[in-house]
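Right, one structure below, let's go through it.
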Amino acid sequence: MLKDEVIKILHSVGIRTSKEVLEVPPQEIFGDIAFPCFGLAKQEHKNPQEIAGELVNRIRISKNPLIIKTEARGGYVNFFFYWEKVGEKILSQILSRRKINIGNRKKIMIEYSQPNPVHPMHIGHARGTFLGDALANIYDYLGYRTIRANYMNDIGLQVARLVAAYKLWAENKKPKGKPDFWLWQYYVKFHEELSKNAKLDEKARELLRKFELERNKATIKIWNKIVKWCVQGFNESYRNLGIKFHVYFYENEFREAGKSLVDKALNNEIAFRSPENAIVANLEKYGLPNCILLRSDGTGLYITSDLGLTFKKFQKYQLDKSVWAVSSQQNLHFKQLFKILELLDYKFVKDCEHFSFEHVNLPEGKMSSREGKAVMLDEVITSLTKQALEEVEKRNPRLSKQKKLGIAKKIAVGALKYSILKIEPENSITFDWKQMLSFEGNTGPYLQYAHTRCLGILKKAKKHQIVLFSKLSLHEKQLIKVLMNFDDVLLDSAKNYRPNFICNYAYEIATAFSNFYQNCPVLKANDKKQRDFRLTLVMTTKIVLENSLKLLGIKVPERM
RNA sequence: GGACCUGUAGCUCAGAUUGGACAGAGCAGCUUCCUCCUAAGACGAUUAUAGGCAAAGAAGGUCGUGGGUUCAAAUCCCACCAGGUCCGCCA
């Protein structure tokens, strides 16, 4: 907003420049917005400070009521704003809950989470799940019609192995406890046995042929039953996390569609039949490795179904855009997938994007569910909830047990989501229990706490009038400066697929608010007008902080 | 061998897309206060109680290494080093 004003002024004196050039100076004494004159200096072969001086003389500040003065300093033109007026504008915008609608009801599908229905979700799945969910929240907020999709790889060899394990050791048994955990033990056992006896995999491959090619009824029945159990387990975890999907895709339903695309690729000579009788996409001339689209026995692979699914997604939902939140391990897969679809001449490829993120590792190295070496998501939530409950007990001993648990859950889930979302997606995370369980510093609970403080003050104040204009102290001004940035941060975060921008921003709000209330008494302000203004400021802070946390999928408790 | 990502304080990270005025946080550690400070929580006249993560302060960095471009480089380019990921029948 400030930058727009500066651009206007610069235009009026004949300087054509864009918002990106302007800077926010690092110190108060340099003003609020700075225009660097180094570029002009080069063009005109002059000293930058000289140019800045000339500009200041040409700018008639009296034209703009928001600006107090301009100053040439160190080759910059520094603009000083009239913060009381700026603040008035910003606060009223926030209170009117004006939203930026850049989505225009465009349809965007975000596919995320995609757990393998053979074992419980581990902490790595949590990352993709939270990132995808936050991104969906962000696009929702921006006025897109967002379809949240989950995808179950229910047909690969890994499921065949679990089915084989079930038939070997648990035939006709029903799950005890949470089904995904119950099934996991058989999955691990299968891989243990497999390492001793490689022939065991023959059973799995046979089951896969029966399921996919022969469509053997008995196999399909037992197969689907196991997948269903696993998905039941996932849904319980999603409920705990407050995550919902609009649609679940099952891989086996898209394999046929995929195979017909493979046929088309073969006919159009995009793919060829290898000497071993597999069907291979010829991508080498496009700088990508070739990739197998169909096994020599005629069964499909992961990419086979993904081809079919992508085609169906656009056909059925008439999407304007489709995003896959999937780990960086599959960077190549998506390049190949998109390239093949492009070669098949599907125009929707330009609206496909892979939102890639790095892994979550354990301190001792990679996680492996098949070896039983993984930190499971449910386990983390349970520990966090337990710890949060202890804290809540300490602080609110008089609340009912149910209320305490409700608060503890919000804190636990908030802590987990924030700790994962705040890390830049391209950085890998090393899971650390000690850090995960921390509620201090730059953590979710700290932000939730700042929000409940806002609530506490407002509640205690009862009624007050909205006052937008007041002489500002330093801390009030700094808080307003932060609140002003919400739109820019949001757009940046959406454009770059970076929910962590919002995390950083929410932390800035909490810090600025913290400084504000420590230095500016609200309820004990000097006079009624100041008190009402400060209450208005608390109210706007609450709105912006709550919005930011909601975008991250973090709920705000009424008390803590 | 090829491709991509990462390397910033003791630890965990932000800043890099858009080069800009002293490279920012959190945690740990250190110093001081604890006869002080805070309580916008509970009780309720004074009292009492609790916390110190709701105290104050300082310190800590060859931005992996070496070159280059530029008035200006953590940021852009090149090379190298280290870690991670991927590269024909896993997903």
Side-chain angles (χ1 to χ4, degrees), chain A residues 18-23 25-27 29-30 34 36-39 41-42 47-48 73-76 78 114 116 118 151 153 155-159 161 251 274 276-281 283 287-297 299-306 326-333 335-336 356-359 361 365-366 370 391 394-398 419 422-430 432 434-435 438-443 445-446 449 453-461 492 495-496 498 500-501 503-504 507-508 511 514 517-518 521-524 538 559-560:
Chain A
S18 64
K19 250 169 121 170
E20 284 72 31
V21 175
L22 301 177
E23 292 169 29
Q27 274 183 48
I29 54 160
F30 298 138
C37 302
F38 305 101
K42 197 172 187 182
N47 182 332
R73 185 165 182 158
Y76 290 87
N78 294 330
Q114 305 108 332
N116 247 321
V118 288
Y151 183 43
N153 303 107
I155 193 174
L157 194 55
Q158 81 287 1
V159 185
R161 284 174 177 154
E251 185 177 358
S274 78
E276 299 85 3
N277 208 31
I279 297 186
V280 182
L283 301 175
L288 291 170
N290 285 348
C291 100
I292 297 201
L293 301 179
L294 215 56
R295 286 195 188 95
S296 31
D297 70 356
T299 56
L301 293 119
Y302 180 65
I303 195 161
T304 318
S305 327
D306 240 9
V326 180
S327 99
S328 66
Q329 265 186 349
Q330 295 187 32
N331 284 353
L332 179 60
H333 163 80
K335 278 188 192 160
Q336 291 173 324
S356 168
F357 54 87
E358 280 296 326
H359 272 208
N361 299 311
K366 253 181 100 171
R370 62 178 64 172
E391 292 293 320
K394 259 194 250 169
R395 289 158 208 251
N396 304 287
R398 295 176 164 230
S419 74
K422 77 172 175 186
I423 306 291
E424 151 86 24
E426 275 182 343
N427 266 326
S428 53
I429 296 178
T430 303
D432 177 0
K434 202 179 140 202
Q435 258 177 48
S438 164
F439 290 170
E440 295 141 34
N442 188 358
T443 63
Y446 173 73
Y449 185 63
R453 287 213 135 180
C454 293
L455 281 182
I457 297 169
L458 292 170
K459 199 174 154 195
K460 193 143 188 168
D492 232 26
K495 192 177 115 198
N496 299 295
R498 290 289 180 274
N500 59 311
F501 290 176
C503 295
N504 297 344
Y507 183 65
E508 269 180 51
T511 310
S514 200
Y517 78 68
Q518 267 169 34
V522 177
L523 297 177
K524 289 172 189 162
V538 172
R559 321 181 37 156
M560 280 179 81

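Letters go in sequence order (proteins before strands), and every chain restarts at 1.
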Response to the item:
Of A/Asn331 and A/Gln435, the one whose closest nucleotide on RNA chain B sits nearer the 5' end is A/Asn331
Item to complete: Indicate the ring-plane relationship of A/Tyr76 and A/Phe38, choosing parallel, tilted or perpendicular according to the 30° and 60° boundaries.
Response: perpendicular
Discussion item. Under 4.0 Å, heavy atoms only, any strand: does A/Leu332 hit a base, just the sugar-phosphate, or nothing?
Written reply: sugar-phosphate
Worksheet item: Rounded to whole angstrom units, what separation is found between the NZ atom of A/Lys335 and the P atom of B/C86?
Response: 14 Å
Fill in: Of the listed nucleotides B/A25, B/U6, B/A21, the one nearest the side chain of A/Asn427
B/U6
Worksheet item: Distance check: side-chain N/O of A/Gln329 vs OP1/OP2 of B/C86, anything under 4.0 Å?
Response: yes
Item to complete: For nucleotides B/C43 and B/C53, find the distance between their C1' atoms and express it as a whole number of Å.
Response: 25 Å
Worksheet item: Below 4.0 angstrom from OP1 or OP2 of B/G41, is there any side-chain N or O of A/Lys460?
Response: yes
Worksheet item: Among A/Val159, A/Thr304, A/Asp306, A/Asn153, which residue meets the side-chain contact (heavy atoms from CB on, under 4.5 Å) test with A/Glu251?
Response: A/Asn153
Fill in: Distance between P atoms of B/A56 and B/A50 (Å, rounded)
22 Å
Discussion item. Please report the distance separating the P of B/U6 from the corresponding atom of B/A14, rounded so that it comes out in whole Å.
Written reply: 10 Å
Discussion item. Just N and O in the side chain of A/Arg559: are any of them under 4.0 Å from OP1 or OP2 of B/A42?
Written reply: no
Worksheet item: Between B/A21, B/C89, B/C5, which one does the side chain of A/Pro25 approach most closely?
Response: B/A21
Worksheet entry | For atom CD of A/Glu424 and atom P of B/G15, their distance in whole Å | 6 Å
Worksheet item: Taking atom C1' of B/G88 as reference, at what distance in whole Å does atom CG of A/Leu293 sit?
Response: 10 Å
Discussion item. Rounding to an integer number of Å, can you tell me how far A/Ile429 CD1 sits from B/C5 C1'?
Written reply: 14 Å
Worksheet item: Which of these nucleotides, B/A21, B/A91, B/G88, is closest to any side-chain atom of A/Glu23?
Response: B/A21
Worksheet entry | B/U75 and B/G66, which share atom name P, separated by this distance in whole Å | 13 Å
Discussion item. For the base of B/A72 and the side-chain ring of A/Phe38, does the geometry meet a stacking cutoff of under 5.5 Å between centres and under 30° between planes?
Written reply: no
Response to the item:
The nucleotide from B/G26, B/G20, B/U17 with an atom nearest the side chain of A/Asn496 is B/U17
Worksheet item: Base, sugar-phosphate, or nothing: which does A/Ala34 touch, judged by heavy atoms less than 4.0 Å apart?
Response: base
Practice prompt. Kindly indicate whether the side chain of A/Asn78 and the base of B/A21 share any N or O donor-acceptor pair separated by less than 3.5 Å?
Written response: yes
Worksheet item: Looking at B/C5, does its base get a donor-acceptor pair with the side chain of A/Ser328 below 3.5 Å?
Response: no
Fill in: Selected nucleotide, minimal atom distance to A/Glu440 side chain, candidates B/C53, B/C86, B/G15
B/C53
Worksheet item: Is the shortest heavy-atom distance from the side chain of A/Pro36 to the side chain of A/Glu23 under 4.5 Å?
Response: yes
Discussion item. Just the rounded figure in Å: distance from C1' of B/C53 to OH of A/Tyr449.
Written reply: 10 Å
Fill in: Spacing between A/Tyr76 atom OH and B/A72 atom P, to the nearest angstrom
14 Å
Item to complete: Please tell me which of the listed nucleotides, B/G15, B/C89, B/U18, lies nearest to the side chain of A/Phe501?
Response: B/G15
Worksheet item: Tell me: CG of A/Asp297 to P of B/G88, nearest whole Å?
Response: 18 Å
Fill in: Which nucleotide in B/G88, B/A25, B/A91 has an atom nearest any side-chain atom of A/Asn153
B/A91
Discussion item. Distance check, P atoms only: B/G15 and B/G20, in whole angstrom units.
Written reply: 13 Å
Item to complete: Could you check whether A/Asp492 gets within reach of a base, just the sugar-phosphate, or nothing at all, counting any heavy atom under 4.0 Å?
Response: base
Worksheet item: Under 4.0 Å between a side-chain N or O of A/Arg295 and OP1 or OP2 of B/C90?
Response: yes
Worksheet item: Atom CD of A/Gln336 and atom P of B/G88: how far apart are they, to the nearest Å?
Response: 9 Å
Worksheet entry | Side chain of A/Val280 (C-beta onward), nearest among B/C53, B/A40, B/G88 | B/G88
Worksheet item: Checking all strands, does A/Val522 fall into the base, sugar-phosphate, or nothing category for heavy-atom contacts under 4.0 angstrom?
Response: base
Worksheet item: Just checking, is any N or O donor in the side chain of A/Ser428 or A/His359 under 3.5 Å from an acceptor N or O on the other one?
Response: no
Discussion item. If you count every heavy atom of other residues, nucleotides or ligands that lies below 6.0 Å from A/Arg73 atom CZ, does the total exceed 12?
Written reply: yes
Worksheet item: If the P atom of B/U12 is compared with that of B/C33, how far apart are they to the nearest Å?
Response: 34 Å
Worksheet entry | Upstream residue (5' side of RNA chain B) when A/Ser438 and A/Ile457 are each assigned their closest nucleotide | A/Ser438
Worksheet item: Think A/Asn116 has a side-chain N or O under 4.0 angstrom from the OP1 or OP2 of B/C90?
Response: no
Worksheet item: Is the closest side-chain heavy-atom distance between A/Ser328 and A/Glu426 below 4.5 Å?
Response: no
Worksheet item: Contact class for A/Ser274 (heavy atom, under 4.0 Å): base, sugar-phosphate, or nothing?
Response: base
Worksheet item: Is there side-chain contact between A/Tyr507 and A/Tyr446, with at least one heavy-atom pair below 4.5 Å?
Response: yes
Worksheet item: What distance, rounded to whole Å, do you find between the two C1' atoms, one in B/A58 and one in B/G68?
Response: 40 Å
Practice prompt. Using a heavy-atom cut-off of under 4.0 Å over every strand shown, decide if A/Gly74 touches base, sugar-phosphate, or nothing.
Written response: nothing
Fill in: Working for side chain to side chain contact (heavy atoms under 4.5 Å, CB included), residues A/His333 and A/Ile303
CA-CA 8 Å; A/His333 163 80; A/Ile303 195 161; 3.7 Å; yes
Worksheet item: Less than 4.5 Å apart, any side-chain heavy atom of A/Val118 and any of A/Arg161?
Response: no
Fill in: Listed nucleotide nearest any side-chain atom of A/Leu301, set B/U6, B/A40, B/C90
B/C90
Fill in: B/C89 versus B/G67 - spacing of their P atoms, nearest Å
45 Å
Fill in: Of the listed nucleotides B/C90, B/U85, B/A21, the one nearest the side chain of A/Lys366
B/U85
